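A short worksheet on the structure shown next.
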Amino acid sequence: MFGRKKSKAWRNLECVYRRFRDTQMRDLFVADNMRGEKYSLHLDNMMVDYSKNRIDDNVMQALFGLARERGVEEKIKAMFSGEKINQTENRAVLHIALRHSGQMPIYVDGRDVMPQIHNVLDKMRDFSEAVRLGTFTGYTGKKLTNIVNIGIGGSDLGPFMAVEALKPYWARDIKCYFISNIDGTACAEVLNKLDPETTLFIVASKTFTTIETLTNAKTCRRWLVDALGEHAVSKHFVALSTNKAEVEKFGINPDNMFEFWDFVGGRYSMWSAIGLIIAIAVGYKNFAKMLEGAEAMDKHFATTDLEHNIPVILALIGIWYNNFYGIHRYAVIPYDQYLQYLPSYLQQLDMESNGKSVTLDNKLVNYATGPVLFGGAGTNVQHSFFQLLHQGTEIVPVDFIVPAISHNEIGNHQPILLSNILAQGEALMHGKTEEEAALELEKAGKSKAEIARLKKYKSFSGNRPSNIIVFKKIDPYALGMLVAMYEHKVFTQGIIWNINSFDQFGVELGKQMALNILPEIEGTAFGVEHDSSTSGLINYIKKLRK
Ligand code: F6P
């Protein structure tokens, strides 16, 4: 596809699809007992098994052909060299520079960005260590043991997910909290637990104009000032932002600001100053390990041929389902309680990046772009939505993620968890025919009539795809690799779809309209024109709130 016309590689994939579409994975496994090994890749202590997908060599070759035709290799180079690939906002995209430890300069507008990145990382190291050691204290001299991140979207989801994922590394005497929602409950429930003397607020906002964050920050500031006075603010508030002027205007001393830059997208920012709460929670050394893991994935992505490139392969398989099988969704299921918020984080990463309908050449797309992503922690979700995954009419490809070793090896919990994840992948792929179901029922002593009645209900179509991603353990390095892998997968898909994965104009309209409605709800504006549904709802809500 691309533009209105189908490209050569796309037409080739359509032919391949027509021949291949009914192929059953269980037959492919029978035909080749090395399939598991053949379609698996390793990087450090990580293994990605993508063999349980509806692919064979022919399919993969055709997909690599598409990637080459779309210039994936060149676009990867362009990103790593600081080109302004975020063309609608005229910005470079350099989250990779945040974890670049080498000596090589990375230029934006002729200026090496590495020194400023390292300065901020040094400042984060010093500050996080001072908070952890208690040498940077609150206004009354008490150690800051309650750290509150106030932010939303990319200024919340990444740090929140990572702090939770790395719980085993937390300093025991420090507690982290996150306030994101504008719902007053979010603020109230956190503040109720805290003592102002021991609380540090981190106001995280790239733009420092986001209404939720600024409103929450103002409420927290008032709470602090009421208790300790205006002078206490500089010891209890820091800001993470690209917008110094707004930070000052808000009343936070620019010395207490940790800077980042326009070349870091919100949803790609947990490696930047936005990661400050991660560094405080788990220590800067562990934060740096997370950067190292991400850098290992960056190197792999930038230097490995497409045929062995993990993010590229995952991206292409996603394209295969999305654009040829017409499957516009996938699930991410971490079998690790500490990774329970990974799906929410990835929802923003993937859906805000690739939920686009206009190409880089300013045309409406005539093909599907970003899929719907959902998920949750296994095994819990086996008992909620897995019924649909196994027997529903919707096909949902799954990414299963699991560590071989748990941080909490209690009894045989981990072997049970591991056997569950592997069984799910196998069951989705293999399914169960009616004959197999009938045989099982017969063995269980069921009558012929019962077998005839039940065998359809008890059968599974199978041929349902999944990737299984195994780590030795979810440590900071592994987490860095995992998140960077998804970042690059999403980027690769954006290249193939010829869209800009780095802007997010789609969230603007609702924000603008909310600003119009606010004065009506507050009773300072009347009679603004809306559709009859919205007007009716405004009036009803106002009546209820009187
Ligand atoms: O939801 C839109 C968005 O702009 C996200 O891209 C961003 O992560 C979030 O709002 C928060 O923005 P900021 O960090 O500027 O407050």
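Keep in mind it's a predicted model, so treat the numbers as computed, not measured. Ligands are counted one by one from 1 in listed order, and the atoms in each one are counted from 1 as well. Residues: numbered from 1 along the sequence shown.
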Shortest protein heavy-atom distance from atom 15 (O) of ligand 1, along with the residue and atom involved: T207 OG1, 2.6 Å
Parallel, tilted or perpendicular: ring planes of F80 versus F301, cut at 30 and 60 degrees: tilted
Which residue and heavy atom of the protein sit nearest atom 11 (C) of ligand 1, plus the separation: I152 O, 3.2 Å
Enumerated ligand 1 atoms positioned under 4.0 Å from heavy atoms of G154: 7 (C), 8 (O)
Close N or O approach (A204, ligand 1; < 3.5 Å): no
Among L98, V120, L240, side chain to side chain contact (heavy atoms under 4.5 Å, CB included) partner for S272: L98
Presence of salt bridge, K84 and D109, under 4.0 angstrom: yes
Heavy atom of the protein closest to atom 6 (O) of ligand 1 (residue, atom name, distance): E352 OE2, 2.5 Å
Ligand 1 atoms in contact with T210 (distance to a heavy atom under 4.0 Å): 12 (O), 13 (P), 15 (O), 16 (O)
Atom 2 (C) of ligand 1: nearest protein contact (heavy atom, Å): V507 CG2, 3.3 Å
Close aromatic pair by centroid cut-off 6.0 Å: Y486 and Y345: no
Step-by-step side chain to side chain contact (heavy atoms under 4.5 Å, CB included) determination, I117 to H100: CA-CA 9 Å; I117 288 175; H100 170 57; over 6 Å; no
Residues D298, R99: salt bridge by 4.0 Å N-O rule: yes
Any Q348 heavy atom less than 4.0 Å to ligand 1: yes
Option with minimal heavy-atom separation from atom 3 (C) of ligand 1, where the choices are R267, K511, K206: K511
H95 and F502 aromatic ring geometry - parallel, tilted or perpendicular at 30°/60° bounds: tilted
